[in-house]
Amino acid sequence: MAQVTVVSAPGKVLVAGGYLVLDPSFSGTVVSTSSRFYTVVQTGTPNRPNVIRVRSPQFLDATWQYTVSLEPTLSVEPFEDNTSKNKFVHLALKSTVALAAEIRGATAVKEALQNGLDITIAGDNDFYSQRAQLAILGLPRTMHSLSQIPPFNPTGVRLSDVHKTGLGSSAALITSLVSALLVHLRAILESSLADDASEGRRLAHNLAQYVHCLAQGKVGSGFDVAAAVFGSHLYTRFEPVVLQSLMQDEITTLKPLLPILTPSNLAWNYRIEPFKLPPLTRIMLADVDAGSDTPSLVGKVLKWRKDKSIEADALWKSLDQFNQSLAQTLLHLSNLYEVNPQAYASAVKYISTLQPVQWEANPQQPPAEMPVISTFYEAHQIAQSIRAKMREMGTLSEVPIEPIEQTKLLDTCVGQAGVIGGGVPGAGGYDAIWLLVLNPISCAPDQTPQQRIEYVWQNYKDLDVSPLSATESLAKGARVEHLDGIPGLKVAIAKT
């Protein structure tokens with residue numbers, strides 16, 4: 001029976017730590033999403049040894065074939081008749097096969113490739129704008145409408161033309177691809193992806209970071225890859241110097257990867273600290289149809305930090321204190337739930353029907369609920385302070401981190417009953433917002449905070465707002481899946 005390996009990896013939302021996460025002195029709060037990328041690796045056919053075919057059935061003309069040679073040196077070369085190039089996939093294949101050969105030996109990898117490999121990559125619908133699909137179906141832009149779209153729905157366009165929603169598709173794709181290949185080639189154990197801190201998971205992380213950086217031509221902060229590998233967490237980046245000697249594509253097939261990518265290399269000094277959103281809350285994400293060029297935003301902010309270092313450092317230190325406070329306050333809410341789940345749930349139901357300014361106004365509130373309510377209000381105030389600091393950074397650097405249009409939208413949302421806070425994720429700009437809302441077991445007879453926000457988004461006139469369906473990933477980071485256990489995946493990979 002043909003061997004089949006399926007590995008998924010989640011998307012990300014950087015809710016606190018935009019820009020600061022680029023500096024190892026600071027950290028960011030990263031939430032991984034329930035929306036995932038899936039890589040399915042299957043044994044190919046007997047008449048195609050050393051050929052790897054990669055398909056992405058959600059796109060037009062998205063099949064790439066490569067010939068692998070392990071002797072005298074490793075090479076992974078695209079077929080001449082490939083209709084397009086895919087730098088991310090090509091570098092992922094080349095680097096992963098090279099690393100597997102170092103770990104298991106060229107003979108073992110050659111044996112694994114004797115019938116070639118057939119690889120299919122598919123992303124949940126949330127990674128791509130579904131506006132056009134909803135319009136075709138005549139459906140309103142609601143989460144219920146999104147659930148009516150078939151899983152892994154074809155986009156109808158080429159990969160280069162797709163409208164992404166900013167969930168970190170390239171990082172999730174690369175993480176799922178290299179992890180699936182490492183497992184399939186037996187360079188890491190399948191069981192290592194069931195252990196949050198295993199050497200296999202950390203090796204997959206280091207390899208995914210390397211490939212992602214190489215494909216993008218620079219060593220970024222890495223929080224998106226870290227979220228794809230480890231799930232939600234508090235992230236502190238590695239020093240870029242760890243990858244410096246490998247950041248030239250021409251030498252990747254010549255220079256050994258394992259001595260640098262091994263988890264035992266102490267130069268991988270990133271930190272992953274536990275984080276999860278509080279019980280009975282949910283993150284809400286919206287795709288705002290305006291668009292931002294993230295690299296240009298980041299470049300301008302970093303130039304301002306260099307030119308006005310005293311001004312920038314003072315602001316970043318102040319912002320970092322708020323970022324840390326938000327993370328710890330949200331973590332404290334989980335502790336309060338553990339102490340008294342009933343009082344916590346009752347408090348959440350109560351404040352879900354009130355605007356934040358009213359949360360602490362009732363002196364008759366049961367004493368057991370007051371610590372919960374006051375902590376939620378503290379989280380609200382901190383989130384608002386972070387937004388204010390991000391706007392200040394935008395003003396000083398002359399960069400639209402939270403543009404006035406987004407400020408109006410966010411103020412409208414955060415003013416609704418049961419909304420804890422929100423902001424522009426990551427580097428900011430015009431293209432997305434996130435909200436953290438209360439998610440009580442029941443709000444009857446009142447609307448839930450989610451319903452209120454959906455109404456606001458659907459009827460908002462100043463910007464074109466469309467919801468995403470993602471919540472926080474309870475399954476954390478990269479994991480091995482069963483093909484039959486993912487609705488729609490078997491059908492999606494069968495498409496030609």
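Here the structure is a predicted model, which is why all the values come from computation and not from measurement.
- Between Tyr270 and Phe230, the ring-plane angle classifies as tilted under the 30° and 60° cut-offs.
- When Lys12, Lys276, Arg36 are each tested for a side-chain hydrogen bond (donor to acceptor under 3.5 Å, both in side chains) with Ser473, only one passes: Arg36.
- With no hydrogens or angles considered, a side-chain donor-acceptor pair links Ser469 and Asp126 at under 3.5 Å.
- With a 6.0 Å radius and a threshold of 12 heavy atoms from other residues, nucleotides or ligands, Gln114 has its CD atom above the threshold.
- Partners of His184 by ring pair (Phe, Tyr, Trp, His ring centres under 6.0 Å), not counting sequence neighbours: none found.
- Cation-pi geometry between Arg53 and Trp64 is not met: the NZ or CZ atom fails to fall both under 6.0 Å from the ring centre and inside 45° of the normal.
- More than 12 heavy atoms of other residues, nucleotides or ligands shown are found within 6.0 angstrom of CD on Gln148.
- Side-chain polar atoms of Glu472 and Thr33 form no donor-acceptor pair below 3.5 angstrom.
- Looking only at atom types and distance, the side chain of Gln65 has a donor-acceptor partner in the side chain of Arg48 under 3.5 Å away.
- For the residue pair Arg237 and Ser221, no side-chain donor N or O sits within less than 3.5 Å of a side-chain acceptor on the partner.
- Surrounding OH of Tyr337 are at most 12 heavy atoms belonging to other residues, nucleotides or ligands under 6.0 Å away.
- No hydrogens or angles considered: nothing links the side chains of Asn439 and Gln450 as a donor-acceptor pair under 3.5 Å.
- Annotation: Glu273, atom CD; neighbour count of heavy atoms from other residues, nucleotides and ligands within 6.0 Å is above 12.
- A centroid separation of less than 6.0 Å is found between the aromatic rings of Phe37 and Phe127.
- Below 30°, between 30° and 60°, or above 60°: for His212 and Phe88 the angle between ring planes is between 30° and 60°, a tilted geometry.
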Could you go through residues 474-482 and list every donor-acceptor pair under 3.5 Å that involves a side-chain atom there, pairing it with any protein atom two or more places apart or in another chain?
from: Lys476; atom 1: NZ; to: Asp196; atom 2: OD2; distance (Å): 3.0
from: Arg479; atom 1: NE; to: Glu481; atom 2: OE2; distance (Å): 2.7
from: Arg479; atom 1: NH2; to: Glu481; atom 2: OE2; distance (Å): 3.4
from: Glu481; atom 1: OE2; to: Ser8; atom 2: OG; distance (Å): 2.6

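- Counted by atom type alone, His205 and Gln209 present one or more donor-acceptor pairs between their side chains at under 3.5 Å.
- For residues 70-86, the pairs satisfying salt bridge (Lys or Arg N to Asp or Glu O under 4.0 Å) are Glu71-Lys110, with sequence neighbours left out.
- Rounded to the nearest 0.5 angstrom, Leu70 CG and Thr107 OG1 are separated by 9.0 Å.
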